[in-house]
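Working notes, beginning with the structure itself.
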Amino acid sequence: MTIEVGSQAPDFQLKDNHGRTVRLSEFRGEKNVVLVFYPFAFTGVCTGELCALRDELPRFENEGAQLLAVSNDSIHTLRVFAEQEGLEYPLLSDFWPHGETSRAYGVFDEDKGCAVRGTFVIDKAGVVRWSVVNGLPDARDLNDYVKALEAL
């Protein structure tokens with residue numbers, strides 16, 4: 001079951017594409033967070049979504065937000081993907097324990113072994129203020145979560 005708007009966002013500790021540990025709680029009191037789960041690096045829809053986020057990164061930074069993208073790929077896969085696509089925001093690996101964070105947010109597809117397309121806007125207090133969850137083939141509209149950020 002997907003985490004509900006108004007709920008405290010589950011904290012997590014994941015490695016990014018450079019091997020650094022990132023904790024959601026590090027941003028509390030400092031920044032709003034846009035947490036984007038996606039199925040797999042190097043796939044068509046995922047690459048399109050993450051490159052669109054790359055191209056619109058200043059919009060997130062202007063809103064005082066931290067963008068975090070999470071997949072079940074290894075950090076090594078994410079490092080190559082980020083370098084290839086010029087992605088400068090953290091790509092977090094929910095590889096092991098496989099899908100633990102994705103499950104905490106209710107966006108892990110047990111049959112496919114990956115996260116579905118879930119996005120959560122989390123305020124500075126760590127509360128989920130907006131979310132959308134799409135199936136594997138369905139891209140999200142990033143303008144929707146930019147509007148959610150602007151409303152905070």
ask   = CD of Glu110: more than 12 outside heavy atoms within 6.0 angstrom?
value = yes
key: Test item: Asn72 side-chain N/O and Ala115 main-chain N/O as donor-acceptor pair under 3.5 Å   = yes
query = What class does the angle between the rings of Tyr145 and Trp130 fall in, given that below 30° is parallel, 30 to 60° is tilted and above 60° is perpendicular?
reply = tilted
ask   = Could Glu49 and Arg140 be called an ion pair, given the rule that one side-chain N must be under 4.0 Å from one carboxylate O?
value = yes
query = Below 4.5 Å, heavy atoms only, C-beta onward: do Phe37 and Ser71 meet side chain to side chain?
reply = no
query = Does the side chain of Asp94 come within less than 4.5 Å of Leu14's, by heavy atoms?
reply = yes
Minimal non-hydrogen separation, Val127 against Gln8, with atom names = CG2-OE1, 3.8 Å
ask   = Which pair of non-hydrogen atoms, one from Pro10 and one from Ala104, has the smallest distance, and what is that distance?
value = CG-O, 3.7 Å
key: For the student: nearest non-hydrogen atoms of Pro39 and Cys46, plus distance   = CD-SG, 3.4 Å
ask   = Between OG of Ser7 and CZ of Arg129, what distance do you get to the nearest 0.5 Å?
value = 10.0 Å
inquiry  = For Tyr89 and Leu57: C-alpha separation, side-chain torsions, deciding distance, then whether side-chain contact (heavy atoms from CB on, under 4.5 Å) applies.
reply    = CA-CA 8 Å; Tyr89 51 88; Leu57 194 57; 4.2 Å; yes
task = Please state whether the rings of His98 and Phe108 are parallel, tilted or perpendicular, taking 30° and 60° as the class boundaries.
result = perpendicular
inquiry  = Tell me the closest heavy-atom pair linking Leu50 and Leu87, and the distance in Å.
reply    = O-CD2, 3.6 Å
ask   = Atom CG in Leu53, atom OG1 in Thr119: separation rounded to 0.5 Å?
value = 8.0 Å
query = Are side-chain heavy atoms of Phe81 and Asp73 found at a separation under 4.5 Å?
reply = no
task = Give the intermediate values and the outcome of side-chain contact (heavy atoms from CB on, under 4.5 Å) for residues Phe42 and Thr77.
result = CA-CA 9 Å; Phe42 298 106; Thr77 299; 3.8 Å; yes
task = Answer whether the closest heavy-atom distance between the side chains of Leu35 and Phe12 falls below 4.5 Å.
result = yes
ask   = Is a donor on one side and an acceptor on the other found under 3.5 Å between the side chain of Asn32 and the backbone of Lys124?
value = yes
message = Using 0.5 Å steps for rounding, measure from the CG atom of Leu68 to the CZ atom of Arg23.
response = 13.5 Å
task = Going by the side chain to side chain contact (heavy atoms under 4.5 Å, CB included) test, name the single residue among Glu63, Gln66, Glu26 that passes it with Lys31.
result = Gln66
ask   = Which heavy-atom pair separates Leu136 from Arg117 by the least distance, and what is that distance?
value = O-NE, 2.7 Å
message = Quick test of your reading of the model: are Glu150 and Lys147 salt-bridged, counting only N-O distances below 4.0 Å?
response = no
Smallest separation among heavy atoms of Pro90 and Asp16, with atom names = CB-CB, 4.4 Å
Close side-chain approach of Val5 and Phe120, heavy atoms under 4.5 Å = no
Asp109 side chain vs Val116 backbone, donor-acceptor pair below 3.5 Å = no
inquiry  = Count I, L, V, M, F, W, Y as connected when their side-chain heavy atoms are under 4.5 Å apart, and connections chain through other members. Are Val107 and Ile3 then in the same cluster?
reply    = yes
ask   = Are the charged groups of Glu56 and Arg59 less than 4.0 angstrom apart, N to O?
value = yes
ask   = Mind checking whether Val146 and Phe60 have side chains closer than 4.5 Å, heavy atoms only?
value = yes
message = Check for me, please, whether Leu149 and Val33 land in the same ILVMFWY cluster - side-chain distances under 4.5 Å, paths through other members count.
response = no
query = When clusters are formed by joining ILVMFWY residues with side-chain heavy atoms under 4.5 Å apart, either directly or through shared neighbours, do Leu67 and Val132 land in the same one?
reply = yes
key: Residue of the set Val70, Val45, Leu91 for which side chain to side chain contact (heavy atoms under 4.5 Å, CB included) holds with Tyr38   = Leu91
query = Under 4.5 Å between side-chain heavy atoms, hopping through other hydrophobics if needed: is there a path connecting Leu24 to Leu92?
reply = yes
ask   = Between Phe95 and Ile75, is any pair of side-chain heavy atoms under 4.5 Å apart?
value = no
Ser25 side, atom OG; Asp11 side, atom CG - distance, nearest 0.5 Å = 3.5 Å
task = Enter the distance from Gln13:CD to Thr101:OG1 here, rounded to the nearest 0.5 Å.
result = 9.5 Å
ask   = Under the 3.5 angstrom rule, does the side chain of Thr47 hit a backbone N or O of Thr43 as a donor-acceptor pair?
value = yes
key: Side-chain heavy atoms of Leu152 within contact of Val121, under 4.5 Å   = yes
